[in-house]
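Computed from a predicted model, the values in this text were never measured in an experiment.
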Amino acid sequence: MTGTVTRFAPSPTGRLHLGHAYSALFAAEIAQRDGGRFLLRIEDIDRTRCRPKFEVAIIEDLAWLGIEWEPSVRCQSDHMADYREALDRLRNRGVVYPCFCTRRDIQREIARAGAAPHGQEGPIYPGTCRHLSEDERAARMTGGHAFALRLDAARARDICGPLAFVDRKRGRVDVDPMREGDVVVARKDITTSYHLAVVVDDALQGVTCVTRGEDLLEATHIHRVLQCLLDLPAPEYAHHALLFDADGKRFAKRDKAKTIAALREEGYAPAEVRKMAQR
Ligand code: GLU
């Protein structure tokens with residue numbers, strides 16, 4: 001296939017490790033093999049966790065590994081207006097509602113109900129604020145209560161009808177819009193969420209093949225629904241298996257030993273580290 005556009009989209013919350021190197025190489029290789037383009041995106045909407053020094057380090061580590069990406073790097077924090085605009089479109093379609101619940105409220109409601117179905121992101125939101133009347137919503141907003149915006153998954157399902165996405169390894173996957181429940185599309189502290197920003201960015205950047213770890217496979221169900229609601233094109237997906245360390249554990253940013261920087265300091269050459277970052 002020609003013209004494939006892939007991307008690597010790390011969050012600058014720590015140094016890159018071998019798992020990231022694998023993911024970046026996976027994306028870059030697909031673009032190269034398909035004669036396409038490989039993009040880099042910095043996912044830094046969460047200003048409490050992201051640090052500019054890690055953003056610099058990402059660029060440094062990828063360049064040291066010998067990975068080449070297109071010069072224009074998209075930083076999410078520079079594009080908040082794009083996410084606000086998408087959120088307005090969701091609002092206009094009547095598929096989001098304000099949620100005033102704190103984590104505590106949600107835990108309490110789940111305990112009261114006895115049990116809650118679990119999604120990939122934890123217990124599914126019990127829907128407390130979905131049932132608030134317009135008057136109650138207005139009163140809480142006027143009272144200055146902080147709120148997130150949640151997707152009304154049942155309404156989205158009814159609007160979109162049956163949806164699917166195509167994964168290079170798995171083939172056609174039917175979407176279950178209810179799988180993660182009413183997910184947050186705009187957090188209380190920022191006017192977006194990972195789900196919304198990623199869908200908007202992939203569309204605006206013209207990404208045709210979304211490459212990422214299979215830990216995000218569940219999120220793709222949500223993303224496909226958002227693409228439908230926002231009239232955005234459906235890219236192809238290539239979810240890769242995760243890279244594990246010698247103990248069978250996932251690489252994590254807190255695990256300093258296997259960061260690209262640590263390996264470089266130990267004296268490994270880029271080609272050796274690229275080899276380690278293979279499955
Ligand atoms: N920023 C996400 C992460 O670092 C990746 C999101 C994606 O590839 O869609 O895990």
Exercise. Are the ring centres of H20 and F26 closer than 6.0 Å?
Worked result: no

Exercise. Which atom names give the shortest non-hydrogen contact between A24 and I67, and what distance separates them?
Worked result: CB-CD1, 3.9 Å

Problem set entry | Test side-chain hydrogen bond (donor to acceptor under 3.5 Å, both in side chains) applied to T220 and R212, step by step | CA-CA 10 Å; T220 302; R212 60 186 176 202; 2.7 Å; yes

Seminar exercise, completed: Taking every heavy atom of I124 against every heavy atom of G119, the minimum-distance pair comes out as CG1-N, 3.7 Å

For this session: Flag the pair F165 / H221 as yes when their ring centroid distance falls below 6.0 Å, and as no otherwise.
Result: yes

Exercise. Same cluster or not: are V225 and V210 linked, directly or through other Ile, Leu, Val, Met, Phe, Trp or Tyr residues, by side-chain heavy atoms under 4.5 angstrom apart?
Worked result: yes

For this session: Give a yes or no answer on whether the side chain of D61 reaches the backbone of I260 with a donor-acceptor pair at less than 3.5 Å.
Result: no

Problem set entry | Ring geometry between Y237 and H239 (parallel below 30°, tilted from 30 to 60°, perpendicular above 60°) | parallel

For this session: Applying side-chain hydrogen bond (donor to acceptor under 3.5 Å, both in side chains) between Q205 and each of R74, E70, R41, R7, report the one that passes.
Result: R41

Problem set entry | Backbone N/O of S77 and side chain of D44: donor-acceptor pair under 3.5 Å | yes

For this session: Could you grab the distance from atom CZ of R93 to atom CG of L230, nearest 0.5 Å is fine?
Result: 8.5 Å

For this session: Can you see which heavy atom on Y125 is nearest to which on C101, and at what distance?
Result: OH-SG, 3.2 Å

